[in-house]
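Just below is one structure, and these are the notes that go with it.
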Amino acid sequence: MSREVRVRFAPSPTGALHIGGVRTALYNYLFAKKMGGKFLLRIEDTDQTRFVPGAEEYIKESLEWLGIAPEESPWNPGDCGPYRQSERKPMYMQYALDLVEKGHAYYAFDTSEELEAMRERLTAARVVSPQYNSITRTQMKNSLTLSAEEVKARLESGDPYVIRVKIPRNEEVRLNDMIRGWVMVNTGTLDDKVLMKSDGMPTYHLANIVDDHLMGITHVIRGEEWLPSAPLHVLLYKYFGWESTMPQFAHLPLLLKPDGNGKLSKRDGDKLGFPVFPLNWTDPFSGEKASGFREQGYLADAFINFLAFLGWNPGDDRELFTLEDLVEAFSVERIGKSGTKFDIAKAKWYNEQYLRSKPTSELTGFLLADAKAEGLEVPADKAAAIVDLVKGRVTFPADLWKESKFMVSAPEKFDEGVAAKKWNADAVKLLGAYATALDTFEGTFDAVSAKSLLESTAETEGIKLGKVMQAVRLAVTGMGGGPDLMEVFAILGKEEVAKRIRFALSRLTVVA
RNA sequence: GGUCCGUUCGUCUAGGGGUUAGGACGUAUCCCUUUCACGGAUAAAACACGGGUUCGAUUCCCGUACGGACUACCA
């Protein structure tokens, strides 16, 4: 029997979705598509105290930007709704009660003070890890220690309570992780986790099992931080009697900070010199802003490609993969086991690759928009010529304009360092002659003719071009470096070049 | 501390009982270019350590070290 593959991405709407979450979503998406299955999204908002307005919309927009939108989600429900756990609230209690009836869970009435006191007592007694477990529960207030009458009375009087799972004292739990292989844990190290909170909401542990079961999830692909609680999840599947349809687990290696010191977290914001979020985000409570990859100028396909390679590789030397290519090549077996340090230099390289491979027509829009923001209009054909000339030297779309603004708006100042070094009598002489030659030039003014005219002018003036090229560049562009000068001349046109030369001649003086 | 997971160039990684341990990013140098960049070429750069097993281990096993995750009525 083989079921249709169904995987889910299950984020909490507690703020901006961070990049590790985005990668988890991507791997889920790739796996689903590769297997011809479905990718769905479930909002895990069982902790109402951590709800952040706007977070859900942020998640939606992020996935849509990247082209990995889920096929079923709160905003596009399938047959397994609702897709928000808060809206599924009425469903969970019956499952918790089922476990209580089967003897795999119990009511607990301990207050947080009592729990704290218990931990302190255990710590004082030098118990290595103070936890609510098969031993300590015998000294706490729960339906295992209290009489049936008292439990009933407390329940009826509305005493706050939680439902805890009853973890056996000494049992081996095995789980076959798709990435890590067999993992074995003794239940003696597990604690009686809370399943139902006193506010009537389930915890993650209960909710994710119930929901994954009800939603027909076949594979759980999530971060490695969940590995320690995976044995508990396996136990719950067993207690519910859902072993035969228990999903397969794949625990992804974590995304680490560049220095390898701990996992990349939301709190890292822009402090590391790069964004940790896909999109810009403003915290609705503090007003604190964090930048996103999209707004920094990363292209969605470049970002996807980069992210996919953080922990996965196709097994050959190929580096550039479209989303479709990734789907084709993806396999869980090729996901690495060890944590991955985040390297922004590689992300930039990917962005450059994608930017260069884009047709000019797709790029001119960026240039036009940036120019317009400064109140400058650029004719379409000129914009295209400019993009062709500079796209090989940019990392971000915004660099297109930064690299070419001088072609639209004539320089008013000249780089002083270059002027001091390269502005000399020969240059002045040549430039003057070239401007004059330009006035009477007939024919097509392109890079080739601009160059041969410059060369012939230099020859008649008896000047070596190599010695004055920097000065020529300075006069026309105001800078000492940039794209091929003769191409720039062609874009500018002979009148503009002559005009700029004369302006430079009027401003720059030769210092002996 | 305990439990679990991990460890190949600085980084992402391929590989796998016998290899000159391969690629990419980054770095350096050279070529191209009358600049810078692009592009091309080259170089430096790694199997954490100690024991086994074996004719032979970077690869398999066990320890050690180091790193990480988890250890809430958070997910």
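Model, not experiment: these values are computed from the prediction. Numbered from 1 within each chain, the chains take letters A, B, ... in sequence-line order.
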Output one letter per nucleotide in nucleotides 27-40 of chain B: B when a protein non-hydrogen atom lies under 4.0 Å from the base, S when only the sugar-phosphate is that close, - when neither is.
-------BBBBSS-
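- Taking atom CD of residue E333(A) and atom P of nucleotide G15(B), one finds them 13 Å apart after rounding to whole Å.
- For A57(B), there is no paired nucleotide, since no Watson-Crick or G-U wobble pair has both relevant distances below 3.5 Å.
- For the side-chain hydrogen bond (donor to acceptor under 3.5 Å, both in side chains) condition, the pairs that include at least one residue of residues 198-210 of chain A, sequence neighbours left out, are Y204(A)-R222(A).
- G22(B) and C47(B) have their P atoms separated by 13 Å, given to the nearest Å.
- G50(B) and U11(B) have their C1' atoms separated by 28 Å, given to the nearest Å.
- For the C1' atoms, the distance from A48(B) to U54(B) is 23 Å, rounded to whole Å.
- With sequence neighbours left out, the side-chain contact (heavy atoms from CB on, under 4.5 Å) criterion links L97(A) to M93(A), Y107(A), I163(A).
- The side-chain contact (heavy atoms from CB on, under 4.5 Å) check on A447(A) picks up M486(A), E487(A), with sequence neighbours excluded.
- For U27(B) and A72(B), the C1' atoms lie 46 Å apart once the distance is rounded to whole Å.
- With sequence neighbours left out, T360(A) forms a side-chain hydrogen bond (donor to acceptor under 3.5 Å, both in side chains) with D388(A).
- One finds no side-chain N or O of N313(A) lying less than 4.0 angstrom from the OP1 or OP2 phosphate oxygen of U13(B).
- Straight-line distance between the P atoms of A24(B) and G40(B): roughly 10 Å, to the nearest whole Å.
- Using N1 to N3 plus N6-O4 or O6-N4 for Watson-Crick, or N1-O2 and O6-N3 for G-U wobble, each under 3.5 Å, G39(B) pairs with C31(B).
- Comparing the same atom, C1', in C60(B) and in U53(B) gives a spacing of 8 Å after rounding to whole Å.
- The phosphate of G2(B) (OP1 or OP2) has no side-chain N or O of R126(A) nearer than 4.0 angstrom.
- Here the C1' atom of nucleotide U11(B) and the NZ atom of K346(A) are 8 Å apart, to the nearest Å.
- Residue R318(A) contributes atom CZ, which lies 15 Å from atom P of A24(B) at whole-angstrom precision.
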Protein-proximity profile, nucleotides 64-75 of chain B, B/S/- by nucleotide at the 4.0 Å heavy-atom cutoff, equals ----SSS--BBB
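- Using N1 to N3 plus N6-O4 or O6-N4 for Watson-Crick, or N1-O2 and O6-N3 for G-U wobble, each under 3.5 Å, G26(B) pairs with nothing.
- Rounded to whole angstrom, the span from the CG atom of L255(A) across to the C1' atom of C12(B) amounts to 11 Å.
- Nearest nucleotide to the E319(A) side chain, out of U13(B), C25(B), G23(B): G23(B).
- U59(B) sits 12 Å from U7(B) when the P atoms are compared, rounded to a whole Å.
- At a threshold of 4.0 angstrom between heavy atoms, the contacts of K337(A) are confined to the sugar-phosphate backbone, with no base atom among them.
- Take D211(A) and apply the salt bridge (charged side-chain N to carboxylate O under 4.0 Å, His left out) test, not counting sequence neighbours, and it matches R42(A), R88(A).
- Neither side chain, K193(A) nor S229(A), offers a donor N or O lying under 3.5 Å from an acceptor on the other.
- S286(A) pairs by the side-chain contact (heavy atoms from CB on, under 4.5 Å) definition with D283(A), E288(A), not counting sequence neighbours.
- For K451(A), the salt bridge (charged side-chain N to carboxylate O under 4.0 Å, His left out) test picks out no residue, with sequence neighbours left out.
- The line from CG of L99(A) to CE of M196(A) is 11.5 Å long, rounded to the nearest 0.5 Å.
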Please produce a list of atom pairs where a protein N or O lies less than 3.5 Å from an N or O of nucleotides 42-46 of chain B.
none

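- A donor-acceptor distance shorter than 3.5 angstrom exists from the side chain of K197(A) to the backbone of T46(A), with no hydrogens or angles considered.
- When Watson-Crick and G-U wobble pairs are counted only if both distances are under 3.5 Å, U71(B) pairs with G1(B).
- Counting only residues at least two apart or in different chains, side-chain hydrogen bond (donor to acceptor under 3.5 Å, both in side chains) contacts with residues 166-183 of chain A comprise N170(A)-N186(A), E171(A)-K238(A), E172(A)-N186(A), D177(A)-H251(A).
- Distance, L235(A) CG to U3(B) P: 19 Å, rounded to whole Å.
- If you measure from atom CG of L307(A) to atom C1' of C25(B), you get 16 Å, rounded to the nearest angstrom.
- Between the CH2 atom of W182(A) and the P atom of C4(B) there is a distance of 16 Å, rounded to whole Å.
- An OP1 or OP2 oxygen of U11(B) is reached within less than 4.0 angstrom by a side-chain nitrogen or oxygen of K341(A).
- Ring orientation note: the planes of F321(A) and F309(A) are tilted relative to one another, at an angle of 30° to 60°.
- Considering CG of L252(A) and CD1 of I179(A), their distance stands at 5.0 Å, rounded to 0.5 Å.
- When distances are taken from the side chain of A345(A) to each of C4(B), C12(B), G26(B), the shortest belongs to G26(B).
- With C1' as the reference atom, C38(B) and A75(B) are 46 Å apart, rounded to whole Å.
- Every pair tested for salt bridge (Lys or Arg N to Asp or Glu O under 4.0 Å) that includes a residue from residues 342-356 of chain A fails, sequence neighbours excluded, so the list is empty.
- The residue G311(A) sits close only to the backbone: its heavy atoms come under 4.0 Å of sugar-phosphate atoms, none of a base.
- Here C12(B) presents its P atom at 18 Å from CG of D317(A), a figure rounded to the nearest Å.
- Applying the Watson-Crick and G-U wobble criteria (two distances, each under 3.5 Å), A65(B) pairs with U7(B).
- Nucleotide A14(B): unpaired (no Watson-Crick or G-U wobble partner with both distances less than 3.5 Å).
- Summary of the strand contacts: V185(A) and D343(A) both lie near RNA chain B, and taking for each the nucleotide with the nearest heavy atom, the more 5' one is attributed to V185(A).
- Applying the Watson-Crick and G-U wobble criteria (two distances, each under 3.5 Å), A21(B) pairs with nothing in any strand.
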